[in-house]
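Below is one structure, written out as structure tokens, with a few remarks after it.
Worth knowing before you read on, the calculation uses all heavy atoms, side chains too, and leaves out hydrogens, waters and symmetry mates. Since the model is a prediction, treat every value here as computed from it, not as a measurement.
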Amino acid sequence: MARRDGYCCALVTFLGSVGAGDTVVTERLYYSNSYELDFDATVTAVENLEGRVIAILDRTLFYPTSGGQPYDTGVLADLNVLDIAEREDGTVGHVIQGNILVGQPVHGRINWSRRFDHMQQHTGQHLLSAAFDRLHKARTVSFHLGEFSSTIDLACNLESEAIADAETEANRIVWEDRVVRIRSVDASDAAKLPLRKESFRSGVVRLIEIEDFDLSACGGTHVTRTGGVGVIAVKSCERFKGGIRVEFVCGGRVLDIVRVAQDTLTRSVRLLSVLPKELPEAIGRLQENHR
């Protein structure tokens, strides 16, 4: 998956032509409501690219891979949706498992657990990046939302205490359950606003505003209140290209990590017959005995 650089709607394309006739730009329903799960549409074109069936719709709720955020999955006309990609002609390609016809009316449904996970991670990234910028003037130069964890690349080096301070500040905004607003403005008007990072997009710019904390140009899916992020946890950090790369998780992913850690700790102390706080010393003794 591509890392994010600049505006969140960087294009990721499928090769291949749409076919005869005029191209119908796909209406992006997820722009206005990330919580909507079901929609109806019409198939405007069907392509076969290297054995993959790609359906083009007049409108969609499926988010395509773009701007560092992974694609949605789900079903379309009772067929599994395997991948989604934005195309250079303004349409959205849906890779489906099965066959579909041009002109066919279809019903689609988003995989909610995957969508909501991405909403938590992406909004959490905005909060964490804003906290780094506000507290330490540390600018985010790129980010990546991964399957198990996500990363932010900062333009400067920070000590562990500074990273912890930003983590605490971001969680403060999460727990205050502030409003997250979505609005669209002309690029000329966006240039006059205090965006955290300058937008180089022309035409209409989509803005994500976290109440009294952050304003950014972004095309991704987000929660409507910061409380929906749940919690933000920094996992690790490392030097990277003259700055620092911060690995983090949000929401349900934090719970998954806690469960794994607790299970590992419980089994370890049972095997060594020690208390949790005695585990490091017990492992040290085993290592010494092995040597």
Side-chain angles (χ1 to χ4, degrees), residues 1 4 7-12 24-45 54-87 90-98 100 104-127 145 147 150 174 177-185 203-211 214 216-230 250-253:
M1 298 176 187
R4 172 198 188 266
Y7 186 72
C8 277
C9 279
L11 294 179
V12 179
V24 178
V25 175
T26 306
E27 179 185 0
R28 319 302 175 87
L29 302 175
Y30 53 81
Y31 276 161
S32 57
N33 189 351
S34 297
Y35 287 82
E36 199 73 38
L37 299 182
D38 294 271
F39 72 102
D40 294 300
T42 301
V43 180
T44 60
I54 303 172
I56 315 301
L57 310 179
D58 61 343
R59 60 206 303 263
T60 187
L61 272 175
F62 285 94
Y63 184 86
T65 297
S66 63
Q69 179 176 327
Y71 59 89
D72 284 325
T73 59
V75 293
L76 185 66
D78 295 325
L79 302 174
N80 290 331
V81 176
L82 307 178
D83 196 359
I84 306 289
E86 186 167 4
R87 298 149 54 97
T91 61
V92 174
H94 304 69
V95 179
I96 59 174
Q97 193 173 35
I100 206 165
Q104 178 179 337
V106 292
H107 181 80
R109 183 171 180 82
I110 304 298
N111 178 336
W112 171 245
S113 61
R114 180 179 173 91
R115 161 67 69 82
F116 186 63
D117 172 59
H118 293 164
M119 290 163 62
Q120 286 186 312
Q121 309 312 311
H122 204 154
T123 309
Q125 177 269 313
H126 279 230
L127 289 165
L145 303 185
E147 183 178 359
S150 303
V174 169
D177 196 29
R178 298 193 186 186
V179 175
V180 180
R181 297 184 179 89
I182 300 174
R183 56 191 172 105
S184 298
V185 301
V204 177
V205 178
R206 183 172 181 260
L207 302 179
I208 305 299
E209 180 179 10
I210 299 173
E211 185 179 14
D214 187 47
S216 300
C218 181
T221 58
H222 295 273
V223 296
T224 55
R225 301 189 70 93
T226 58
V229 176
C250 303
R253 296 189 185 188

Inset, instruction - Provide the closest heavy-atom pair for His118 versus Arg253 in the form atom of the first, atom of the second, distance. - result: CD2-NH2, 4.3 Å
Legend entry - Spatial distance of atom CZ (Phe39) from atom CD1 (Ile110) [nearest 0.5 Å]: 6.0 Å
Inset, instruction - Can you sort out the partners of Asp58 under side-chain hydrogen bond (donor to acceptor under 3.5 Å, both in side chains), two or more places apart, ordered by chain and number? - result: none
Legend entry - Atom pair CD1 (Ile210) and OG1 (Thr226), whose distance is rounded to the nearest 0.5 Å: 7.5 Å
Inset, instruction - Specify the closest pair of heavy atoms between Arg206 and Ser184, including all atoms of both residues, with the distance to one decimal. - result: CA-OG, 4.1 Å
Legend entry - salt bridge (charged side-chain N to carboxylate O under 4.0 Å, His left out) contacts in which one or both residues fall within residues 31-44, not counting sequence neighbours: Asp38-Arg109
Inset, instruction - Check whether any side-chain N or O of Gln121 sits under 3.5 Å from a backbone N or O of Cys250 as a donor-acceptor pair, and report yes or no. - result: yes
Legend entry - Which atom of Asp83 lies closest to which atom of Tyr71, heavy atoms considered: OD1-CD2, 3.1 Å
Legend entry - Heavy-atom closest pair, residues Ala55 and Ile96: CB-CD1, 4.4 Å
Legend entry - All side chain to side chain contact (heavy atoms under 4.5 Å, CB included) counterparts of Thr221, not counting sequence neighbours: Tyr30, Ser34, Tyr63, Gln69, Arg115, Met119
Inset, instruction - Could you tell me which residues satisfy side-chain hydrogen bond (donor to acceptor under 3.5 Å, both in side chains) with Asp214, sequence neighbours excluded, listed by chain and number? - result: Arg196, Ser216
Inset, instruction - Drop me the distance from Leu61's CG to Arg28's CZ, to the nearest 0.5 angstrom. - result: 12.0 Å
Inset, instruction - For Gln120, check side-chain hydrogen bond (donor to acceptor under 3.5 Å, both in side chains) against everything at least two apart and list the hits. - result: none
Legend entry - Side-chain heavy atoms of Val81 within contact of Val75, under 4.5 Å: no
Inset, instruction - Kindly compute the distance separating CD1 (Ile100) from NE2 (His94), expressed to the nearest 0.5 Å. - result: 9.5 Å
Inset, instruction - Side-chain contact test, heavy atoms from C-beta onward, threshold under 4.5 Å: evaluate it for His126 versus Val180 and give yes or no. - result: no
Inset, instruction - Could you tell me whether the side chain of Tyr35 reaches within less than 4.5 Å of the side chain of Thr224, counting heavy atoms only? - result: yes
Inset, instruction - With sequence neighbours left out, write down each residue that passes side-chain hydrogen bond (donor to acceptor under 3.5 Å, both in side chains) with Asp78, or none if nothing qualifies. - result: none
Legend entry - From CG (Asp72) to CD1 (Ile84), nearest 0.5 Å: 7.0 Å
Legend entry - Nearest heavy atoms of Val223 and Val229, plus distance in Å: CG2-CG2, 4.0 Å
Legend entry - Nearest heavy atoms of Thr91 and Val25, plus distance in Å: CG2-CA, 4.3 Å
Legend entry - Pairs where residues 219-228 contributes a residue and the test salt bridge (charged side-chain N to carboxylate O under 4.0 Å, His left out) is met, not counting sequence neighbours: Asp177-Arg225
Inset, instruction - Scan Thr60, Leu57, Thr42 and name whichever one has a side-chain contact (heavy atoms from CB on, under 4.5 Å) with Val106. - result: Leu57
Legend entry - With sequence neighbours excluded, residues passing side chain to side chain contact (heavy atoms under 4.5 Å, CB included) with Arg59: Glu27, Leu29, Ala41
Legend entry - Approximate separation, where rounding is to 0.5 Å, of Glu209 CD and Ile182 CD1: 11.5 Å
Legend entry - pair Arg87-Pro64: side-chain heavy atoms closer than 4.5 Å: no
